[in-house]
Amino acid sequence: LLLSYGLFCDTILNDVKQSEALKHNAACLEGEVEEVEEEEQDKGTALGGGGKEWGEKSSSSENEPYRNKIQRFLRSHRDAMMGAEAKQVRTLHRRVQVALLMLMVLATAGFALTDFYLFNDVALRNIGLIDKTGLFRAYAISSNFLFRSAWIGAQTNNSKLYATATGNIGGAMANLREQHFRNYRNFPSSGIKDFYLNSELGLDVPIKNSWFKRTFNYWDMANDFARRVNRGAEVSMAELLDPEYGIDEMSEEKANIAYAFENTQTKVIPTFETMVKMYEKEVFGFG
């Protein structure tokens with residue numbers, strides 16, 4: 001039983017000292033210790049010394065478990081084992097770290113450049129479009145007030161007031177058409193391009209002796225509005241003094257003034273407002 005438990009301590013518990021003690025006790029009970037000691041003493045005497053002490057050391061070394069020898073060997077030589085492979089792993093690890101660092105630097109630089117480009121080229125452009133397109137509403141409503149000023153100038157025989165009013169109308173419509181063309185060349189998105197080219201906007205248009213409902217896309221509507229209002233500014237003072245405003249008896253210039261009053265408040269300004277809101281949506285979407 002002691003021998004079995006000694007083997008258990010050696011194999012399972014890895015306790016060499018206790019295992020040797022148990023094995024020694026078991027050998028004593030079996031009467032084998034004296035024979036072993038006498039043989040070891042004879043061997044020690046034949047070799048010239050030591051006797052029992054030499055035999056104990058020899059027995060302890062021979063009975064040491066193989067697993068312990070392996071562990072001691074590994075602890076002694078672990079720095080030399082797989083040295084080349086470990087060096088390769090360390091080199092690869094450093095390369096991965098350098099690659100990750102370079103990737104992080106490139107990603108940061110790319111983000112900074114992209115953000116700078118987008119903010120300056122896209123966001124600021126859209127903000128500028130909101131600002132400049134918002135003036136379309138002012139141009140449209142001011143044309144109505146300027147036509148009234150021109151009419152007052154004609155009624156009071158104030159040629160200076162008349163000339164100033166009609167000249168300002170021409171300047172406002174020129175600015176509208178120029179900015180409208182710039183906007184047309186710089187669509188910030190496919191949705192705005194579709195509104196420019198494929199929207200259906202209805203305006204009341206005087207043609208000969210009648211009013212007709214015509215449908216325009218946004219590009220044509222703004223251009224047609226500016227053209228007709230500018231043509232209305234060519235009206236003479238004599239025509240403004242004529243109280244006749246029947247569609248079948250007005251000149252083309254007075255008919256275009258009627259066109260401006262008919263469409264500005266109810267159709268043109270709401271359409272310009274829709275366009276501004278679309279530009280604002282682009283800016284908010286970018287943010």
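- Residues passing the salt bridge (Lys or Arg N to Asp or Glu O under 4.0 Å) test with R214: none are found, sequence neighbours excluded.
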Side-chain donor-acceptor pairs of residues 98-108 under 3.5 Å, sequence neighbours excluded:
unit_1 : atom_1 : unit_2 : atom_2 : d
T108   : OG1    : M104   : O      : 2.8

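- Here salt bridge (Lys or Arg N to Asp or Glu O under 4.0 Å) pairs that include residues 171-192, with residues two or more places apart or in two chains, are E178-R182.
- Sorted by first and then second residue, the ring pair (Phe, Tyr, Trp, His ring centres under 6.0 Å) pairs involving residues 192-241 (not counting sequence neighbours) are H180-Y196, H180-Y218, H180-W219, Y184-W219, F187-Y196, F195-Y218, Y196-Y218.
- A search for side chain to side chain donor-acceptor pair (under 3.5 Å) contacts involving R227 returns D224, not counting sequence neighbours.
- Annotation: E244, atom CD; neighbour count of heavy atoms from other residues, nucleotides and ligands within 6.0 Å is above 12.
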With side chain to side chain donor-acceptor pair (under 3.5 Å) as the test, would you mind laying out the steps for H93 and Q97 before giving the verdict?
CA-CA 6 Å; H93 182 66; Q97 287 179 324; 3.2 Å; yes
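- To the nearest 0.5 angstrom, E249 atom CD is 9.5 Å from K254 atom NZ.
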Output, in order, the C-alpha distance, side-chain angles, deciding distance and verdict of side-chain contact (heavy atoms from CB on, under 4.5 Å) for D248 and K208.
CA-CA 7 Å; D248 55 340; K208 293 187 177 181; over 6 Å; no
Test log, rule side-chain contact (heavy atoms from CB on, under 4.5 Å), inputs L241 and Q155:
CA-CA 6 Å; L241 289 172; Q155 299 298 320; 3.7 Å; yes
Side chains of residues 168-176: which donor-acceptor partners sit under 3.5 Å, not counting sequence neighbours?
unit_1 : atom_1 : unit_2 : atom_2 : d
N168   : ND2    : T164   : O      : 3.2
N175   : ND2    : G171   : O      : 3.3

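- Applying the side-chain contact (heavy atoms from CB on, under 4.5 Å) test to L22 and every residue at least two apart in sequence or in another chain returns L2, Y5, C9, Q18.
- Between the side chain of N158 and the main chain of G153, no donor-acceptor pair closer than 3.5 Å is present.
- Contacts classified as side-chain hydrogen bond (donor to acceptor under 3.5 Å, both in side chains) and involving residues 132-142 (residues at least two apart or in different chains) are given here: T133-N183, R137-E273.
- Residues satisfying the side chain to side chain donor-acceptor pair (under 3.5 Å) criterion with K267, sequence neighbours excluded, are D204.
- When hydrophobic residues (I, L, V, M, F, W, Y) are linked wherever their side-chain heavy atoms come within less than 4.5 Å, the members clustered with I269 are I141, F145.
- Connection of F8 to L3 is not established within any shared hydrophobic cluster, with ILVMFWY side chains joined at heavy-atom distances below 4.5 Å, either directly or through further cluster members.
- One hydrophobic cluster holds both I207 and I247 under the rule that ILVMFWY side chains link at heavy-atom gaps under 4.5 Å.
- Atom CG of residue L161 and atom OG1 of residue T156 lie 6.0 Å apart, to the nearest 0.5 angstrom.
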Kindly determine whether N223 and F181 satisfy side-chain contact (heavy atoms from CB on, under 4.5 Å), including the steps that lead there.
CA-CA 9 Å; N223 285 327; F181 180 68; over 6 Å; no
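- Taking CD1 from I257 and CZ from R231, the interatomic distance works out to 11.5 Å, rounded to the nearest 0.5 Å.
- The 12-atom threshold is not exceeded at NZ of K160, counting heavy atoms of other residues, nucleotides or ligands nearer than 6.0 Å.
- Between V205 and K213, every side-chain heavy-atom pair lies at or beyond the 4.5 Å cut-off.
- For the salt bridge (Lys or Arg N to Asp or Glu O under 4.0 Å) test, no residue two or more places apart in sequence or in another chain qualifies with E262.
- Going from atom OG1 of T166 over to atom CD of E234 covers 10.0 Å, rounded to the nearest 0.5 Å.
- Scored by the side chain to side chain donor-acceptor pair (under 3.5 Å) test, S236 finds E239 as partners (sequence neighbours excluded).
- Using the six-membered ring where Trp is involved, F261 and F147 have ring planes that are tilted, between 30° and 60° apart.
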